[in-house]
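Only this structure's heavy atoms are used, side chains among them; waters, hydrogens and symmetry mates stay out.
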Amino acid sequence: MADDVLRLEGITKTYGAGTPAATEVLHGIDLQLARGEFVALIGPSGSGKSTLLNLIGLLDRPTGGVLRINGRDTATLDDNALTRLRGRSIGFIFQYHYLIPAFTALENVMMPELLARGSPDRAMREHALALLGQVGLAPWRDHMASNLSGGQQQRVAIARALALEPPLVLADEPTGNLDTKSADSVFDLMRHVSADRGTTFLFVTHNMALARRCDWLVELVDGRIV
């Protein structure tokens, strides 16, 4: 358990619990992700993937079961403590990059540290530059996000997700809006980051060609892992 970045034990989620309209979406999910693993989460629409991702991302609470992030039982934490744990321990990459168009690539990568620490400094800038270098975008550091290609924007989003050095990154269809060549490039970059930094990735995708290149697959059907 010591090496588990994520551990779910018997996780359930019911919407409208205690009412006649109660709907159980997740049914006893057990899942462990170790440090540095790169795992695909697959399943048809309506299978519960988004609900599960919201629980793992600490954006919602399970109805039952145990959810541990980096060994911490999240059921014991209040909302403020959950927010702090999310900020320190989880990075997010989405299908749409959600960059700030009027900010440069460098400023976008600096944003998580700026929000956490309150004011920019030289160390923050150098760290962001190093992350841009790691994703191959150092020459584009002063380009506005709106002037970057789709693949470049996702690379900035990856660098931003790593700004606070989280042990876990949730990547929700990050290649869904990209052409095949850009999707392969972004996927390869995430795999490289995982191997190089020991970051655990949970990669949600409908692209089975990419899913099969992950360490292993988690398939969710009707709220159950199959």
S.K.: Identify the two heavy atoms, one from K49 and one from S47, that lie closest to each other, and give their separation to 0.1 Å.
M.R.: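 Nearest pair, atom of K49 first, then S47: CG-OG, 3.3 Å.
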
S.K.: Taking E9 first and then R7, would you say they form a salt bridge - that is, a charged N and a carboxylate O separated by under 4.0 Å?
M.R.: yes

S.K.: Stepwise, does the side-chain contact (heavy atoms from CB on, under 4.5 Å) test hold for E126 with R122?
M.R.: CA-CA 6 Å; E126 289 178 350; R122 182 175 178 178; 2.9 Å; yes

S.K.: Test your reading of the model: is there a side-chain donor-acceptor pair from R35 to the backbone of L168, 3.5 Å cut-off?
M.R.: no

S.K.: Measure across P167 and N70 and return the closest heavy-atom pair with its distance rounded to 0.1 Å.
M.R.: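 The pair with the smallest heavy-atom distance is CG-ND2, 3.5 Å.
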
S.K.: Check for me, please, whether L129 and M124 land in the same ILVMFWY cluster - side-chain distances under 4.5 Å, paths through other members count.
M.R.: yes

S.K.: Under the 3.5 angstrom rule, does the side chain of Q134 hit a backbone N or O of L131 as a donor-acceptor pair?
M.R.: no

S.K.: Taking all non-hydrogen atoms of both residues into account, name the closest pair between H127 and A163 and its distance.
M.R.: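 Nearest pair, atom of H127 first, then A163: CE1-O, 2.8 Å.
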
S.K.: I need the single residue from I100, L99, L106 that forms a side chain to side chain contact (heavy atoms under 4.5 Å, CB included) with F103. Which is it?
M.R.: I100

S.K.: Could you please spell out the steps behind the side-chain hydrogen bond (donor to acceptor under 3.5 Å, both in side chains) verdict for S89 and R72?
M.R.: CA-CA 11 Å; S89 300; R72 296 197 66 181; over 6 Å; no

S.K.: Looking only at atom types and distance, does a side-chain atom of T175 sit under 3.5 Å from a main-chain N or O of L178, one as donor and one as acceptor?
M.R.: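 Looks like no, no N/O pair under 3.5 Å.
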
S.K.: Side-chain contact, heavy-atom cut-off 4.5 Å: L162 with R197?
M.R.: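 In short, these two side chains touch, coming nearer than 4.5 Å.
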
S.K.: Is the backbone N or O of G36 less than 3.5 Å from a side-chain atom of T200, with the two atoms forming a donor-acceptor pair by type?
M.R.: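 Present.
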
S.K.: With side chains defined as the heavy atoms from C-beta onward, is the minimum distance between L220 and I29 less than 4.5 Å?
M.R.: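 L220 vs I29: side chains touch.
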
S.K.: Within a strict 4.5 Å, meaning less than it, do heavy atoms of the V156 and V135 side chains meet?
M.R.: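 Side-chain contact under 4.5 Å: no.
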
S.K.: Which residue in the set D196, D215, D184 passes salt bridge (charged side-chain N to carboxylate O under 4.0 Å, His left out) when paired with R191?
M.R.: D215

S.K.: Would you give the length of the straight line joining atom CG of L55 to atom OG1 of T12, rounded to the nearest 0.5 angstrom?
M.R.: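 The CG atom of L55 sits 9.0 Å away from the OG1 atom of T12.
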
S.K.: Tell me whether W216 is reachable from I56 by hopping between hydrophobic residues (I, L, V, M, F, W, Y) whose side-chain heavy atoms are closer than 4.5 Å.
M.R.: yes

S.K.: Looking only at atom types and distance, does a side-chain atom of E37 sit under 3.5 Å from a main-chain N or O of A34, one as donor and one as acceptor?
M.R.: yes

S.K.: Would you mind reporting whether R141 and T104 have side-chain heavy atoms less than 4.5 Å apart?
M.R.: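 The answer is no; the side chains never approach within 4.5 Å.
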
S.K.: What pairs with D142 under salt bridge (Lys or Arg N to Asp or Glu O under 4.0 Å), at least two apart in sequence or on another chain?
M.R.: none

S.K.: Any link between L164 and I93 through a network of hydrophobic side chains (Ile, Leu, Val, Met, Phe, Trp, Tyr) touching at under 4.5 Å?
M.R.: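 No.
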
S.K.: Is there side-chain contact between I11 and P62, with at least one heavy-atom pair below 4.5 Å?
M.R.: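 Answer yes - side chains close enough.
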
S.K.: Any ring pair (Phe, Tyr, Trp, His ring centres under 6.0 Å) involving residues 165-187? Give me the pairs, sequence neighbours left out, ordered by first then second residue.
M.R.: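 Passing the test, one end in residues 165-187: F38-F187, F187-F203.
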
S.K.: Tell me yes or no: between the side chains of Q95 and N177, is some donor less than 3.5 Å from an acceptor?
M.R.: yes

S.K.: So how far is it from E219 CD to R224 CZ, rounded to the nearest 0.5 Å?
M.R.: 14.0 Å

S.K.: Hey, does L217 have a side-chain heavy atom less than 4.5 Å from the side chain of M208?
M.R.: yes

S.K.: Could you check I69 against V5 for side-chain contact (heavy atoms from CB on, under 4.5 Å), going step by step and ending with a plain yes or no?
M.R.: CA-CA 6 Å; I69 301 288; V5 170; 5.6 Å; no

S.K.: Are L170 and Y98 connected, step by step, through hydrophobic side chains (Ile, Leu, Val, Met, Phe, Trp, Tyr) whose heavy atoms are closer than 4.5 Å?
M.R.: yes

S.K.: Go through it in stages, so that I can follow the logic: the residues are L33 and D4, the test is side-chain contact (heavy atoms from CB on, under 4.5 Å), and I'd like the CA-CA distance, side-chain angles, deciding distance and then a yes or no.
M.R.: CA-CA 6 Å; L33 300 185; D4 286 344; over 6 Å; no

S.K.: So which atom in A171 and which in M190 form the shortest heavy-atom distance, rounded to 0.1 Å?
M.R.: CB-SD, 4.2 Å

S.K.: Show your reasoning for whether salt bridge (charged side-chain N to carboxylate O under 4.0 Å, His left out) applies to D188 and R213.
M.R.: CA-CA 10 Å; D188 288 343; R213 292 164 58 189; 2.5 Å; yes

S.K.: Hey, could you give me the NE2/OG1 distance between H192 and T199, rounded to the nearest 0.5 Å?
M.R.: 11.0 Å

S.K.: May I ask you to test the L53-L202 pair for a side-chain heavy-atom distance under 4.5 Å?
M.R.: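 Yes, at least one pair of side-chain atoms sits under 4.5 Å.
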
S.K.: Please check if the side chain of D30 supplies one atom and the backbone of G10 the other of a donor-acceptor pair under 3.5 Å.
M.R.: yes

S.K.: When rounded to the nearest 0.5 angstrom, what is the spacing between CG in L85 and CD1 in I90?
M.R.: 6.0 Å

S.K.: Taking all non-hydrogen atoms of both residues into account, name the closest pair between A161 and P166 and its distance.
M.R.: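 Scanning both residues completely, I find the closest heavy atoms to be O-CG, 3.3 Å.
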
S.K.: Any pair with a residue in residues 73-84 that passes side-chain hydrogen bond (donor to acceptor under 3.5 Å, both in side chains), sequence neighbours left out, goes on the list, sorted by first then second residue, please.
M.R.: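 Residue pairs passing side-chain hydrogen bond (donor to acceptor under 3.5 Å, both in side chains), neighbours aside: R61-D79.
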
S.K.: Report yes if some heavy atom in the side chain of F201 is under 4.5 Å from a heavy atom in the side chain of V193; otherwise report no.
M.R.: yes

S.K.: Taking it one step at a time, do K13 and D60 satisfy salt bridge (charged side-chain N to carboxylate O under 4.0 Å, His left out)?
M.R.: CA-CA 10 Å; K13 181 62 180 180; D60 196 2; 3.3 Å; yes

S.K.: L8 and V169: same hydrophobic cluster, using ILVMFWY side-chain contacts below 4.5 Å?
M.R.: no

S.K.: Can a donor-acceptor pair be found, under 3.5 Å and without considering hydrogens, that links the side chain of Q153 to the backbone of A145?
M.R.: yes

S.K.: Yes or no on side-chain contact (heavy atoms from CB on, under 4.5 Å) for I42 and V218, after CA distance, side-chain angles and deciding distance?
M.R.: CA-CA 6 Å; I42 62 173; V218 176; over 6 Å; no

S.K.: In Å and rounded to the nearest 0.5 Å, what is the CD to CG distance from Q152 to L132?
M.R.: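 Nearest 0.5 Å value for the CD-CG distance: 11.0 Å.
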
S.K.: When the ring planes of F92 and F94 are compared, do they come out parallel, tilted or perpendicular, using 30° and 60° as the limits?
M.R.: parallel

S.K.: What is the minimum heavy-atom distance between T63 and T14, and which atoms define it?
M.R.: OG1-N, 2.8 Å

S.K.: Is there a donor-acceptor pair under 3.5 Å between the side chain of Q32 and the backbone N or O of L6?
M.R.: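 No; zero donor-acceptor contacts below 3.5 Å.
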
